[in-house]
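All remarks here apply to the structure that follows.
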Amino acid sequence: MKFEQAAGTNPIDRQKIIGQPTSRIDGPLKTTGTAPYAHERHGPNHGVVPNQSYGYILGAGIAKGRVASMDTQEAARAPGVLGIVTTLEQELLPPGQGIVANIFGGAEIRHYHQAIAVVMAETFEQARAAANMIRVDYDRADGRFDLATLAPQARVADESGKLKGEPFKVEVGDFAGAFAEAPVTVDATYTTADESHAMMEPFASIAAWEGEKLTVWTSNQMIAWSKGSLAKMLGMKPENVRLDSPFIGGGFGAKLWVRADAVLAALGAKKVGRPVRIAMQRPLVANNTSHRPATIQQVKLGATPDGRLTAFHHSSTSGNLPGGDVEVATQQSRLLYAAPNREIFMKLAVNDLPEGNAMRAPGEAPGLMVLEMAMDELAEKLGMDPVELRIVNDTQVDPEKPERPFSERHLVECLRRGAEEFGWNRRNPKPAQVRDGRWLVGMGMATGFRNSMATKSAARVRLQRDGSLVVETDMTDIGTGTYTILAQTAAEMMGLPLDRVTVRLGDSDDPASAGSGGQWGAANSTSGVYAACVKLRTAIAEKLGMDPTTADFTDGEVRAGNRSARLSDAGELMAEDRIEFGDLDKQYQQSTFAGHFCEVAVDSYTGEVRVHRMLAVCEAGRILNPVTARSQVIGGMTMGVGSALMEELAVDTRFGLFVNHDLAGYEVPVHADIPHQQVIFLDHPDDKANPLKAKGVGELGLCGVGAAVANAIYNATGVRVRDYPITLDKHLEKLPQVA
Amino acid sequence: MLAGSGAAVALTQAPGVQAQGSSGGAATPPTMPVSFTVNGKEAELTLDTRVTLLDALREHLELTGSKKGCDHGQCGACTVMVNGTRINSCLSLAVQHQGDEITTIEGLGTPDNLHPMQAAFVKHDGYQCGYCTPGQICSAVATLAEIRAGIPSHVQDDITAAPAFSAAELRERMSGNICRCGAYSNIVDAITEVAGA
């Protein structure tokens, strides 16, 4: 089905099941520990393949240089060891999709903890012990690790965010002239930290060979991409590779790609002639895999006294391995606010740290942390309410292409509704005025913005003899609620109760979906199921001798004219289709919007920050399931608190590694850091987006939150910290005198 | 309804049973017999002494509900109850648990017969990816018992007074269980409901 024109009325609009607050259908499995994650698919009851052995990965102890020699004799003789594959016996594998780091092979080390060996043994303990017996000699080379030092030499990136093509800058009007003339200006530099996905389930895979065919039971967000990627890396035909990933213990972008666990399980299984099961040990994850790169950003804003932006500059510098991309931190700035004179670009500094790559809301997460702090600074200089400043600068069209409107854009409503619900009028605009005992109290807000991306997605639906339905697609549920919303979509389309629909996910043998990433999963994968259901409705109606165009599917029955029949009367039928998109996303900018509000208290003695209240008002088209959508948003809000207050991979600039590479050293929010969180969804179905009229919320919930927290801290203390995360050492000395 | 519990496959070899070194000459790692009760059932194992309680459960008893998030006592995903007290099962060796009574997530309820805490997590959407969830639920059950038993916490103004079932108490006592998906607000709602029941 090609979606080329705005959606008219369709069965989804009934909203009997879609749009209703529905508990997750996978909830009973997840809450009882019976949902099978990748590393658990062993044993008599859960096993996917017999005779599994354990693999354990060894990571490089240098960031740059070469492996001079490896002595594996002692390890090979250790109890239980079945075999060892070292990087010196394997040619460098070709790069996988979306990855620039070396995954395995060859003597060259390009980043710390690059995998250099895998040991297979009968037990986990034996594999781990033997891995530690491998003696490695390195020739260490000097590397480039410090972004601040590298930034002056950074080059302007091309439009794709790399250094291959022409340098790309958005230049509209005359920024320099307008900024020089602007009566009110902000010009400041900000930094954001390297961050780690830190999903709770480490990368994990079981690999088994059957002749030329390889099956990998894994934990991966993008099954179709990763099937092709793994085949390419291993020099195989894609049809000989099968991936299966029904449950994923979090990904946040880290599991978009094939990583060392899957590759080494496959190589190891070939070596020892047995299936191999690997979970990457937690201390390896941060440096072996990828992270959100740190940025240095500059914002220059010029405005008239009534708050209209006349000059807008946003630029960002980040680092990455040779061949890598920029962190696209200025992405939202091209679309968020009207301003006639604009200058926007990104710079890339080549470094030798672990690979920078996509993490939840790549670009917007660090970009809005900065832009929305700069807007707060501008509001203060103007003596204007920060909410009003955003409203004054709202745009209903693409600022670079005014002929191109937004499909739906109700940011102003998000902000006004949020201000009202949050009691924003009780905020004292003058900072450091509100005290509650020893606490300094403040409120802050920020705009949230993230694009909605249309991408093809396929599904198969099978009507069973008993009138129940099975949905099959390689789509993944990474905690997003996919199982539930796909079941809701199919149930709504076929007029069945939810418990008559079974959903099977994550198997690469099933039709290729959009996958989970970029907050595109929900809207596109449900649209794929919609397309398949439209086809199945036609097949059922025709089988029953009814007119497919007028047949009504309700309560397990099909009705047309005076006739009605049970769905089961049609017998077994199957339909497969995919949603594809025309150019509506070119004609109309399709985005999602939020107003984020936050209240914090800062201990006037210690500088400790406590978040007291949080509210997000979101516009993201039709909300498919308010329960799971709300969870996506509060999850983003929680990650935003982490970015604002604590999350930072600390770079050892001598040895080129992230030193806090585990869950004790890399701090993420815990229960005590997070208050009750309120979420409000506006009801604006987007008929230009897809047949579901839905857009994503999984990243919107994070976008802007960090700035709302930071702006609340400033309102509480009067101390502006422009370097995230805002740990207490950065403002303690400057806090108001304790009375 | 949901598919994907994983097709059962008959294995030719039980996994993780005491393995012999397959390469000649090396000393076989020391093993010890240990017996304990898991969810009311006796378990008798002979284990490599390096096997943690978590791996004994996951790899040897096929109780994979307890999760391995970090293997270093940093995340709480492996939380189980030993003789009524919650612990990080990755931080103790299995052979330390001779005679202990261990309760895992599988011992609280089943998909068809949920424990009230499991049902509350479903109702309040107190999870997303589900990987930290068994640990959160075991910790939540133990947390309520700790408050009932009057065990004090950092957030009490007066540690000699009985602790309350307040949100602040629950958040403080649950802070050893990381949820990266960020379901905390919903988890506290779920626990609060059970606490009030």
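Naming convention: chains lettered A, B, ... in sequence-line order (proteins, then strands); numbering from 1 in each chain.
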**Study point:** chain A interface, residue from H124(B), H115(B), Q136(B), M174(B) that has the most non-hydrogen pairs under 4.5 Å
**Key:** M174(B)
Practice item. State whether the side chain of K30(A) and the backbone N or O of Q128(B) hold a donor-acceptor pair below 3.5 Å, judged by distance alone. Key: yes
**Study point:** Top of C132(B), S66(B), C70(B) for chain A proximity - count of heavy-atom pairs under 4.5 angstrom
**Key:** C70(B)
Practice item. State, yes or no, whether a side-chain contact exists between H671(A) and R173(B) at a heavy-atom distance under 4.5 Å. Key: no
Point to revise | Structural part of I478(A) lying under 4.5 Å from a heavy atom of chain B | key: backbone
Check your understanding: Given a strict heavy-atom distance threshold of 4.5 Å, which part of P283(A) is in contact with chain B: side chain, backbone, both, or neither?
Key -> side chain
Practice item. Report yes if some heavy atom in the side chain of S631(A) is under 4.5 Å from a heavy atom in the side chain of N186(B); otherwise report no. Key: yes
Point to revise | Between T110(B), D125(B), I105(B), the one whose heavy-atom pairs under 4.5 Å with chain A are most numerous | key: D125(B)
**Study point:** Nearest-0.5 Å distance that lies between atom CD in Q281(A) and atom CG in D71(B)
**Key:** 9.5 Å
Check your understanding: With a 4.5 angstrom heavy-atom cut-off, which part of S175(B) approaches chain A: side chain, backbone, both or neither?
Key -> both
**Study point:** Contact check, side chains of R630(A) and S185(B), non-hydrogen atoms, under 4.5 Å
**Key:** yes
Revision key, fill the gap. Residues E40(A) and T64(B): closest non-hydrogen pair is OE2-O, 3.4 Å
Review point. Counting N and O atoms only, with roles assigned by atom type, does the side chain of E62(B) sit under 3.5 Å from a partner on the main chain of N45(A), one being a donor and the other an acceptor?
Key: yes
Review point. Step by step, would you call E59(B) with H39(A) a side chain to side chain contact (heavy atoms under 4.5 Å, CB included)?
Key: CA-CA 10 Å; E59(B) 304 299 324; H39(A) 197 255; 3.7 Å; yes
**Study point:** Value rounded to 0.5 Å, distance of CG in D189(B) from NE2 in H676(A)
**Key:** 6.0 Å
Exercise for review: Tell me, out of D244(A), D673(A), D662(A), I248(A), who's got the most heavy-atom pairs with chain B below 4.5 Å.
Suggested key: D662(A)
Revision key, fill the gap. Note: vs chain A, highest number of non-hydrogen pairs under 4.5 angstrom among A183(B), G176(B), C181(B), C75(B) is C181(B)
Practice item. Kindly confirm or rule out a cation-pi arrangement of K68(B) over F124(A), judged by NZ or CZ under 6.0 Å from the six-membered ring centre and within 45° of its axis? Key: yes
Exercise for review: Measure across T34(A) and P111(B) and return the closest heavy-atom pair with its distance rounded to 0.1 Å.
Suggested key: OG1-CG, 3.6 Å
Review point. Where do G69(B) and P202(A) come nearest, in terms of heavy atoms and distance?
Key: O-CG, 3.7 Å
Practice item. Apply side chain to side chain contact (heavy atoms under 4.5 Å, CB included) to C129(B) and F247(A), showing your working. Key: CA-CA 8 Å; C129(B) 80; F247(A) 286 93; over 6 Å; no
Exercise for review: Examine whether an atom of M200(A) lies under 4.5 Å from a heavy atom of chain B, and if so say whether it belongs to the side chain, the backbone or both; otherwise answer neither.
Suggested key: both
Check your understanding: So does L91(B) have more than 12 non-hydrogen atoms from other groups sitting under 6.0 Å from CG?
Key -> yes
Practice item. Below 4.5 Å from any heavy atom of chain A, which atoms of L114(B) appear? Answer side chain, backbone, both or neither. Key: side chain
Review point. Among V155(B), V51(B), T52(B), which has the most heavy-atom pairs under 4.5 Å with chain A?
Key: V51(B)
Point to revise | Contacting moiety of T32(A), where chain B heavy atoms sit under 4.5 Å | key: both
Check your understanding: Would you say R24(A)'s side chain and V122(B)'s backbone share a donor-acceptor pair under 3.5 angstrom?
Key -> no
Check your understanding: What heavy-atom pair brings Y131(B) and G249(A) nearest, and what distance separates the two atoms?
Key -> CB-CA, 3.8 Å
Check your understanding: Under a 4.5 Å heavy-atom cut-off, does chain B meet the side chain of I674(A), its backbone, both or neither?
Key -> both
**Study point:** Contact winner vs chain A - G135(B), G65(B), G130(B), heavy-atom pairs under 4.5 Å
**Key:** G130(B)
Review point. Between Y184(B) (side chain) and P669(A) (backbone), is there a donor-acceptor pair under 3.5 Å?
Key: yes
Exercise for review: Please state whether the side chain, the backbone, both or neither of D55(B) comes within less than 4.5 Å of a heavy atom of chain A.
Suggested key: side chain
Review point. Is there a donor-acceptor contact under 3.5 Å from the side chain of Q118(B) to the main chain of T31(A)?
Key: yes
**Study point:** Contact leader toward chain B among G481(A), A204(A), A672(A), G506(A), where contacts are heavy-atom pairs under 4.5 Å
**Key:** A672(A)
Check your understanding: Would you say the side chain of S23(A) lies within less than 4.5 Å of the side chain of F121(B), judging by non-hydrogen atoms?
Key -> no
Exercise for review: Could you grab the distance from atom CD1 of I178(B) to atom CE of M199(A), nearest 0.5 Å is fine?
Suggested key: 13.0 Å
Check your understanding: Where the side chain of H42(A) meets the backbone of R58(B), is there a donor-acceptor pair that is under 3.5 Å apart?
Key -> yes
Check your understanding: Would you say R180(B)'s side chain and G250(A)'s backbone share a donor-acceptor pair under 3.5 angstrom?
Key -> no
